Amino acid sequence: MPGHRVRHANFEARVDPVNAGSNAGTKADAAFVVRSGLGKSDCVSFEAVNYPGYYLRHSGFRVFLHRAEGSAGFRADATFCPVTGIGGKHTSLRSHNYPDRYLSHDSRRQMRIAPIGDGATSSTAAFLIRPAL
């Protein structure tokens with residue numbers, strides 16, 4: 001979605017419009033440090049810039065911003081493996097512990113992990129990784 005970025009709002013991950021004119025809080029909510037995967041080192045985890053120690057992780061197939069608590073389950077839930085984008089463009093992020101599911105967004109722009117064809121499509125689960133605004 002051009003002009004949109006993954007961000008957290010009220011500790012829920014979403015895809016919202018974020019641009020140079022957005023307020024500082026919105027821009028900060030859309031900035032993540034890409035870390036080596038907490039559950040698998042050749043994958044990635046996303047730590048919030050404005051909430052150090054908090055990572056995007058799935059729970060109940062929805063994606064939230066949660067404080068890292070060190071359990072194996074948390075580490076697995078917060079780990080996503082980059083693959084060629086669904087549809088052949090950009091990057092898709094496959095869940096480490098549910099490898100048939102991909103980071104995607106629904107019609108309400110809420111982030112979740114979903115299987116290809118049942119929520120994960122080239123328009124909902126392919127991302128560009130860009131520098132923060």
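In this chain, residues are counted from 1 in sequence order. Remember, it's a predicted structure, so these values are computed and weren't measured experimentally.
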Student: What are the two closest heavy atoms between S104 and F127, and how far apart are they?
Tutor: CA-CZ, 4.3 Å
Student: Report yes if some heavy atom in the side chain of V6 is under 4.5 Å from a heavy atom in the side chain of L103; otherwise report no.
Tutor: no
Student: Might you confirm whether atom CZ of F74 has over 12 heavy atoms from other residues, nucleotides or ligands at distances under 6.0 Å?
Tutor: yes
Student: Please report the closest heavy-atom contact between A126 and S92, naming both atoms and the distance.
Tutor: CA-OG, 3.9 Å
Student: Parallel, tilted or perpendicular: which describes the rings of F11 and Y54, with under 30° parallel and over 60° perpendicular?
Tutor: tilted
Student: Which value, rounded to the nearest 0.5 Å, describes the distance between L128 atom CG and K89 atom NZ?
Tutor: 10.5 Å
Student: According to a hydrophobic-cluster definition based on side-chain heavy atoms being under 4.5 Å apart (Ile, Leu, Val, Met, Phe, Trp, Tyr only), do I86 and V15 belong together?
Tutor: no
Student: Please tabulate, for the side chains in residues 112-122, all donor-acceptor contacts under 3.5 angstrom to protein atoms that are two or more places apart in sequence or on a different chain.
Tutor:
from, atom 1, to, atom 2, distance (Å)
R112, NE, D106, OD2, 3.1
R112, NH2, D106, OD2, 2.8
T121, OG1, S123, N, 3.3
T121, OG1, S123, OG, 3.2
T121, OG1, T124, N, 3.3
T121, OG1, T124, OG1, 3.2

Student: Do M111 and L93 sit in one hydrophobic cluster, given that two such residues count as connected whenever their side-chain heavy atoms are within less than 4.5 Å of each other, even indirectly?
Tutor: yes
Student: What distance do Q110 atom CD and F64 atom CZ have between them, rounded to the nearest 0.5 Å?
Tutor: 8.0 Å
Student: In terms of hydrophobic clustering (I, L, V, M, F, W, Y; side-chain heavy atoms under 4.5 Å; direct or indirect links), are F32 and V63 co-clustered?
Tutor: yes
Student: Would you say L65 and V34 are hydrophobically clustered, going by side-chain heavy atoms of ILVMFWY under 4.5 Å?
Tutor: yes
Student: For residues 41-51, which side-chain donor-acceptor pairs fall under 3.5 Å, sequence neighbours excluded?
Tutor:
from, atom 1, to, atom 2, distance (Å)
S45, OG, L38, N, 3.0
S45, OG, A78, O, 2.7
E47, OE1, R35, NE, 2.7
E47, OE1, R35, NH2, 2.8
E47, OE2, G53, N, 2.6
N50, OD1, H8, NE2, 3.0
N50, ND2, D29, OD1, 2.8

Student: Any chance you could measure K40, atom NZ, to T79, atom OG1, to the nearest 0.5 Å?
Tutor: 10.0 Å
Student: Between NE2 of H96 and CZ of R57, what distance do you get to the nearest 0.5 Å?
Tutor: 13.0 Å
Student: With rounding to the nearest 0.5 angstrom, report the NE2 to CZ distance, H4 to R109.
Tutor: 5.0 Å
Student: So, the side chain of K27 versus the backbone of A20: is there a donor-acceptor pair under 3.5 Å, distance only?
Tutor: yes
Student: Quick one: NE2 on H66 to CG on L56, what's the gap to the nearest 0.5 Å?
Tutor: 10.0 Å
